[in-house]
Protein chains: 2
Amino acid sequence: MNADKPTPTLHDVADLAGVSTATVSRCLNFPDRVKQATRDKVMAAVDALGYAPNFGARAMASQRTNTIGAIIPTMENAVFARGLQAFEDELRQHGFTLLVASSSYRADVEEAQIRSLIARGADALLLIGHDRDPAIYQFLEGQRKPALVTWAYDPDNPRPSVGFDNRAAMRAMAEKVLALHHRKLALISAPMASNDRARARMMGIRDAMAAYGLTPEALAVIETPYGIENGADAFARLMQADDRPTAVFCGNDVLGVGALRQARAMGLDVPGDVSVVGFDDIELSQVTYPPLTTVHVPHGAMGRKAARALVAMVLHGQPAETTALPTEIVMRGSLAAIDPA
Amino acid sequence: MNADKPTPTLHDVADLAGVSTATVSRCLNFPDRVKQATRDKVMAAVDALGYAPNFGARAMASQRTNTIGAIIPTMENAVFARGLQAFEDELRQHGFTLLVASSSYRADVEEAQIRSLIARGADALLLIGHDRDPAIYQFLEGQRKPALVTWAYDPDNPRPSVGFDNRAAMRAMAEKVLALHHRKLALISAPMASNDRARARMMGIRDAMAAYGLTPEALAVIETPYGIENGADAFARLMQADDRPTAVFCGNDVLGVGALRQARAMGLDVPGDVSVVGFDDIELSQVTYPPLTTVHVPHGAMGRKAARALVAMVLHGQPAETTALPTEIVMRGSLAAIDPA
DNA sequence: GCATCTGATGTAAGCCTTTACATTTCTGCA
DNA sequence: TGCAGAAATGTAAAGGCTTACATCAGATGC
């Protein structure tokens, strides 16, 4: 199983083909600069040896890797997964490779992953959200590695981002809910510490409440980690309170789906007894019963746009412009008007 | 934005700290081999410069990367995502890093990704399923890189795998369905070319049919790519046929959920008019209406076990043993007995 | 106070590839 | 046939890190 023969190098290929390493290198990188006959010999040697170029050595010699790294909070979230898939597709079309890491929503892990991706030669990084120790940005600057934030939009933040306005999107949803006469509102949110998206979404609801003359602090809030089970538990707690909400906002669809499941378990009719709304519009939310009313996020477009921006940054040193993509509310079955009786 | 100052190297740190590069290297790799005072100086320099070791150079010099690569068909599938998360957790505990790539279920892309991960220095690879051009295995052998197959279990295959018996699992499910008096069966499967898991699952159903004295060929089969929409379409086609099945097997839960959605859209009662069963047991299947009866796959355990096996292969050259983890049938609401009227 | 040993640090080679530059081979034309 | 110029190929340095080995400074024991 272990190395009885060392893995072949450029040198081995060159020897076997009877040419110099430079020629082999050219064969691999600029095939049209070598004669057909030579190329055939070399390629035969490459196949015979099962040669694969050593990425590290190549990166070191050529000073570029054509690799872009991305760090997402979790791979289990379908939203990130889809955005990333689009991101990778676009990247590949520009001849770049994607390196992915996940941080489990932990700041310390994220920092380690950032360093690891940079050390691995990533030419640039894609990050989710703005919230991050300033030291990390300094580190990236020191390394001259551009970074692009996505999933968030904050025109006041000096770091560029390609995302969407979480606050405005959630505000729009909240206004819709308020327009349907709901007045007792609750929110099941992802933990808000070091999560600017979650905070922005809550602020959006409060904005709408204020606009409707309600006290923003009246919003009941439960923070809980990502997961169907957690959403269900939080929902149960909310509905056991004396003063039940009539509409429950969920910071993301996964929590929303958990809430829906719990409602059924408790024998509560959605939207008859209580309305539930989500955020993200992942596939899940179309197949629940009732289907979940939610905020649609343009994952694909966002991923592709981020990829193009990052490629431009790397290739031409072109600074990225902060852009917001539009979100929209998808009305399905889980939100209804309150009978103003 | 672009490099006005080059990124700092070991040498720069050494100069700033007034020591040699060897000392800096030792500080980073074997902190206890340098004096406290020296270490402090060096670390201060590291921080001041924002130094990060160059992975390629390090790999080249030390001849190992402590990195394991994994190639999954798609990131969008929650099943792979969960297994991978467990895999990564376990890997990290052993001091290894995970490199992920996805192949979009395409053999050519998978091959490119395999080469890319090896070139990037992966010490070993995790692959999904056995089906693969033999040349790829030869290549891996030539590179002396161990590979472990997961998600599948085939004791006859010489390549080691840590997975589960797709065929037996699906057969058990089919026997359950047959015991409930269903006789007209259909299968919505992922494309079976170059997908041994999909084929094995179909064989499992046929095995059970044969055991019940039915003609295995009577199984109606539709192949369609991964996706809720595709599952829905396939289900619609199945139910428009003259001879409707009474039970529809789905090769995975995502297709199953699509079938469920379509059933509702067509006004068909599940399981009253038709039963639907899935495979994988992803979170999705608990929240549909009715909840999906499915085959539970031990993602987490599988990921962790695979990680341990791979680490042992890399560290001690210990060959992996092919092992199968148990699956189980999760009865939910989408499967019911047929009224033998 | 000296030889010896230990622990801390420095020196320099080597890992594999790319690429600027040097050299050789070929082509075409006078 | 011979030569200029182009095309093909070779030579060798550079890139950042680890590590075997060499060196040096103190500590130890007598």
Side-chain angles (χ1 to χ4, degrees), chain A residues 3 6-43 45-46 49-67 115-116 118-121 123 142-144, chain B residues 3 5-43 45-46 49-67 115-116 118-121 123 143-144:
Chain A
T7 87
T9 72
L10 234 213
H11 201 91
D12 300 331
V13 176
D15 282 357
L16 181 57
V19 299
S20 74
T21 59
T23 300
V24 177
S25 176
R26 274 186 289 257
C27 264
L28 265 24
N29 297 300
F30 315 95
D32 41 321
R33 285 195 208 163
V34 309
K35 237 182 14 187
Q36 178 75 42
T38 316
R39 205 185 332 167
D40 291 346
K41 265 192 311 187
V42 170
M43 287 317 194
V46 165
L49 262 41
Y51 168 78
N54 178 311
F55 176 80
R58 169 178 279 188
M60 209 160 68
S62 67
Q63 299 288 52
R64 58 192 157 59
T65 64
N66 277 16
T67 291
R115 286 179 184 275
S116 157
I118 290 300
R120 284 202 133 71
D123 291 329
Q143 294 279 329
R144 318 287 144 190
Chain B
K5 222 181 353 182
T7 86
T9 73
L10 233 216
H11 201 91
D12 299 331
V13 177
D15 281 357
L16 182 57
V19 300
S20 74
T21 59
T23 300
V24 178
S25 176
R26 274 186 288 257
C27 264
L28 265 24
N29 297 301
F30 314 94
D32 41 321
R33 286 196 208 162
V34 307
K35 235 178 20 184
Q36 176 74 44
T38 317
R39 205 186 331 168
D40 291 346
K41 266 192 311 186
V42 171
M43 287 318 195
V46 165
L49 261 41
Y51 168 78
N54 178 312
F55 176 81
R58 167 179 280 189
M60 207 160 69
S62 67
Q63 300 287 54
R64 57 191 158 58
T65 64
N66 277 17
T67 292
R115 286 178 185 276
S116 158
I118 291 300
R120 283 201 134 70
D123 290 330
Q143 294 280 328
R144 319 287 144 190

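Computation of the quantities below employed the complete heavy-atom set of this structure, encompassing side-chain atoms and omitting hydrogens, waters and symmetry-equivalent molecules. If you're wondering where the values come from, they're calculated on a predicted model, not measured in any experiment. Per chain, numbering begins at 1; letters A, B, ... match sequence-line order.
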Problem set entry | Bend angle of the helix from dG1(C)-dC30(D) to dA30(C)-dT1(D), from helix axes over five pairs at each end, nearest 10° | 40°
For this session: Using a 4.0 Å heavy-atom cut-off, write out nucleotides 10-24 of chain D from 5' to 3' as B (base contacted by protein), S (sugar-phosphate only) or - (no contact).
Result: BBB--BBBBB-----
Are any of the side-chain heavy atoms of [X] and [Y] separated by less than 4.5 Å?
X      : Y      : result
S25(A) : L10(A) : yes
F55(A) : T67(A) : yes
Y51(B) : P53(B) : yes

For this session: Check the pair D123(A) / T65(A) against side chain to side chain donor-acceptor pair (under 3.5 Å), numbers first and verdict last.
Result: CA-CA 7 Å; D123(A) 291 329; T65(A) 64; 3.1 Å; yes
Atom-to-atom span, [atom1] of [X] to [atom2] of [N] - whole angstrom:
X      : N       : atom1 : atom2 : result
D15(A) : dT17(C) : CG    : C1'   : 15 Å
Q36(B) : dT9(C)  : CD    : C1'   : 16 Å
D32(B) : dT9(C)  : CG    : P     : 12 Å
K35(B) : dG10(C) : NZ    : P     : 10 Å

For this session: State which residues pass salt bridge (Lys or Arg N to Asp or Glu O under 4.0 Å) with R58(B); sequence neighbours excluded, sorted by chain then number.
Result: none
Problem set entry | Q143(B) side-chain N/O to G50(A) backbone N/O, donor-acceptor pair under 3.5 Å | yes
Exercise. Would you find a donor on one side and an acceptor on the other, under 3.5 Å apart, between the side chain of D12(A) and the backbone of T9(A)?
Worked result: yes
Exercise. Only one of V13(B), V34(B), T38(B) clears side-chain contact (heavy atoms from CB on, under 4.5 Å) with V19(B); which?
Worked result: T38(B)
